[in-house]
Number of protein chains: 2
Amino acid sequence: MARFDILPQPVAHVAEQQPALMPCAACDVRELTICDALRGREIDRMAQIVTRIPVPAGRTLFQEGDEADHVYNIIDGSLRLFKLMPDGRRQITGFLFATDFVGIALKKRYAYSAETITDSVICRFPREKLEALFAELPALETRLLETAGNELIAAQDQMLLLGRKTAVERVASFLLHLTRRLEARGLKGNKIALPMTRTDMGDYLGLTVETVSRTFTKLRRDGLITTPTPHEVEICDLDGLREVAEGS
Amino acid sequence: MARFDILPQPVAHVAEQQPALMPCAACDVRELTICDALRGREIDRMAQIVTRIPVPAGRTLFQEGDEADHVYNIIDGSLRLFKLMPDGRRQITGFLFATDFVGIALKKRYAYSAETITDSVICRFPREKLEALFAELPALETRLLETAGNELIAAQDQMLLLGRKTAVERVASFLLHLTRRLEARGLKGNKIALPMTRTDMGDYLGLTVETVSRTFTKLRRDGLITTPTPHEVEICDLDGLREVAEGS
DNA sequence: CGGTTCATTGATTCGCGTCAATGCAGGTGG
DNA sequence: CCACCTGCATTGACGCGAATCAATGAACCG
């Protein structure tokens, strides 16, 4: 992955990286992103409004309440989206990885904050220009509506998890969710990278660090997973993990 | 509200109600629904594919896993959308009222079940025909994308509630949510109708009936609300309720 | 090499769930 | 009209699962 030492905060003010046309034509995750809705010369229309930016780990892309002037595609790396309460309680509403789109749900202002977890590469679009493209490229809007639908379904699953599942069911569901994601991309799903910390997982699953840690220990003891390092999980018993996740 | 004694289950097989063109032109909530995206003769295109159906309380519109062949607009009444776990645990993902749209997030099958809470009137659209209209009426798709964005933002708020808020914060947030909804429609928001049961509220807020009931009692004792009947709430101290909801 | 961050584990606490009982309102049938 | 039933809301007593508080050790880093 690229070096990032030189980039100043905030990301939104970083200088453009390169001539506009290059990145999209050569993008190696294009067919997995919203840009897949486009063909041939249409790609160039996108390329004219996009900026590809490397972002080091731990940077804030934007904060809840900021003017929502850009949307993003994740090309490489990982982000967390989250909301904060006045007293500091945090709810992570999603982890994003390569090919994910940030900013479907936009009013005038962002409804959540976004930070990089690892060094990442993002494509940034001025929101107005993207929306102006809808008239010209209706397939783009259809693709976004489809993406929004998928996110809504995921959000409903997460509500079930947060409202009704036990700690061990939450962690098992989380691991299975990551597994399915890998497999949907044609990768083997039994070895999972966990770029986020235990605290991040807790804030995503409605638990504390300690409970997440204890739950990993329990799943390990029960022979369902192994953790070669704290940031890697191998699933040993997929069916067993499924049973745990569904409470059966 | 209409009489419903004659209607058989399932709703989806109920006979068409009336000649197609009438209902949309005369619809008195049209400008608050997705149909507001349409003008003049466009309304007639919608009217050609819609069926307006009265549904009594307690009916199932569709179940999680059913073939997702229709989408719905709520004209009058109230519904609950929910997911079930194998052992019967239930998470209500949303309450719907007049002007709400059901079915934005659709794959091949419904991701949740839908039931009427009170006697209701719904508009039913064959999904394929609605999607076919997108090409002809692009404003419709734009409106749906906007609606999906609003739902996503609401879902993220609900994740914060379920993952990080205490019982009293959840109930207070719920009441404020209903208040804002009323006010967004130009109605006074301090008197709220609660068509759903305490159990429904619990299953929406990730609590038990008993905890919901005790929390209402506490809010009453603290002078923040009164409950003329179990299905009506009057907010006495809006600012106080806001402070409770945000944990400050 | 001291300092920071992170993961893990143990001891204890506490908020909410579970279990149980009561009362009220509405519906039904005799 | 009344006896009975059912569903719902409320309240109390008690228990448990996860949070809180606290300590330790490993990895990383300037």
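This one's a predicted model, so the numbers in the text were calculated from it and none came from an experiment. First the proteins, then the strands, lettered A, B, ... as listed; each starts at 1. FYI, side chains are in, hydrogens and waters are out, and symmetry mates aren't considered; it's all heavy atoms of this structure.
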Measure from [atom1] on [X] to [atom2] on [N] and round the result to the nearest Å.
X        : N      : atom1 : atom2 : answer
B/Asp203 : D/dC8  : CG    : P     : 12 Å
B/Leu205 : C/dC16 : CG    : C1'   : 14 Å
B/Met196 : D/dC8  : CE    : P     : 14 Å
B/Ile117 : D/dG7  : CD1   : P     : 18 Å
A/Leu194 : C/dA7  : CG    : C1'   : 13 Å

Run the salt bridge (charged side-chain N to carboxylate O under 4.0 Å, His left out) test against B/Asp200 and tell me which residues pass, sequence neighbours left out.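 Listed in chain order: B/Arg80, B/Arg90.
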List the residues meeting salt bridge (charged side-chain N to carboxylate O under 4.0 Å, His left out) with A/Asp87, not counting sequence neighbours, and say none if there are none.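 Scan of A/Asp87 (salt bridge (charged side-chain N to carboxylate O under 4.0 Å, His left out), adjacent residues dropped) gives A/Arg89.
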Examine D/dA19: is either OP1 or OP2 under 4.0 Å from a nitrogen or oxygen in the side chain of A/Thr211? Give yes or no.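 Yes, such a contact exists.
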Enumerate the residues from residues 156-177 of chain B whose closest heavy atom to DNA chain D is under 4.0 Å, giving them by residue number; use none for an empty result.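 Heavy-atom contacts with DNA chain D come from no residue of residues 156-177 of chain B; none.
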Contact list for DNA chain D against residues 213-234 of chain A - heavy-atom distance below 4.0 Å: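 Only A/Arg214 qualify.
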Quick one: do the B/Ser173 and B/Lys165 side chains pair a donor with an acceptor below 3.5 Å?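 Side-chain D/A pair, B/Ser173 to B/Lys165: present.
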Where A/Pro195 and A/Thr118 come nearest, the two heavy atoms and their spacing: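 Closest pair (atom of A/Pro195, atom of A/Thr118, distance): CB-CG2, 3.7 Å.
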Based on the rotation axes of five pairs at each end, what angle does the helix from C/dC1-D/dG30 to C/dG30-D/dC1 bend through, to 10°?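 That helix has its two terminal axes inclined by roughly 30°.
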Which residue lies toward the 5' end of DNA chain C, B/Leu207 or A/Val212, if each is placed at its nearest nucleotide?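 It is A/Val212 whose nearest nucleotide is closer to the 5' end.
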Answer whether the closest heavy-atom distance between the side chains of [X] and [Y] falls below 4.5 Å.
X        : Y        : answer
B/Phe95  : B/Leu81  : no
A/Leu194 : A/Glu232 : no
A/Tyr110 : A/Gln63  : no

Taking only the side-chain heavy atoms of A/Arg198 (C-beta and beyond), determine which of D/dT10, C/dT8, C/dC16 contains the nearest atom.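 So the side chain of A/Arg198 is nearest to C/dT8.
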What orientation do B/Phe62 and B/Tyr112 show, parallel under 30°, tilted 30 to 60°, or perpendicular over 60°?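 Rings of B/Phe62 and B/Tyr112: tilted, 30 to 60°.
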Contacts under 3.5 angstrom, residues 239-248 of chain B side chains, donor-acceptor by atom type, not counting sequence neighbours:
{"unit_1": "B/Asp239", "atom_1": "OD1", "unit_2": "B/Arg242", "atom_2": "NH1", "d": "3.1"}

Please tabulate, one pair per line, all N/O donor-acceptor pairs under 3.5 Å involving side-chain atoms of residues 147-156 of chain A, not counting sequence neighbours.
{"unit_1": "A/Thr147", "atom_1": "OG1", "unit_2": "A/Arg143", "atom_2": "O", "d": "2.8"}
{"unit_1": "A/Asn150", "atom_1": "OD1", "unit_2": "B/Lys107", "atom_2": "NZ", "d": "2.7"}

What does the list of N/O pairs under 3.5 Å between the protein and nucleotides 24-30 of chain D look like, with a distance for each?
none

Please collect all ring-ring contact (aromatic ring centres under 6.0 Å, His included) contacts where either partner lies in [range], sequence neighbours excluded, each pair once.
range                       : answer
residues 206-248 of chain B : none
residues 148-170 of chain B : none
residues 180-203 of chain A : none

Give one of base, sugar-phosphate or nothing for A/Thr208, where a contact means two heavy atoms less than 4.0 Å apart.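 Base contact - A/Thr208 has a heavy atom under 4.0 Å of at least one base atom.
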Once you apply a heavy-atom cut-off of 4.0 Å, does A/Gly206 come out as touching a base, just sugar-phosphate, or nothing?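 A/Gly206: backbone/sugar contact only, no base atoms under 4.0 Å.
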What I want to check is whether an N or O donor and acceptor connect the side chain of B/Glu210 with the base of C/dC19 at under 3.5 Å.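 Such a pair is found, so the answer is yes.
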Scan for salt bridge (Lys or Arg N to Asp or Glu O under 4.0 Å) pairs involving residues 219-230 of chain B, sequence neighbours excluded, and state none if there are none.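 Output for this query lists B/Lys218-B/Asp222.
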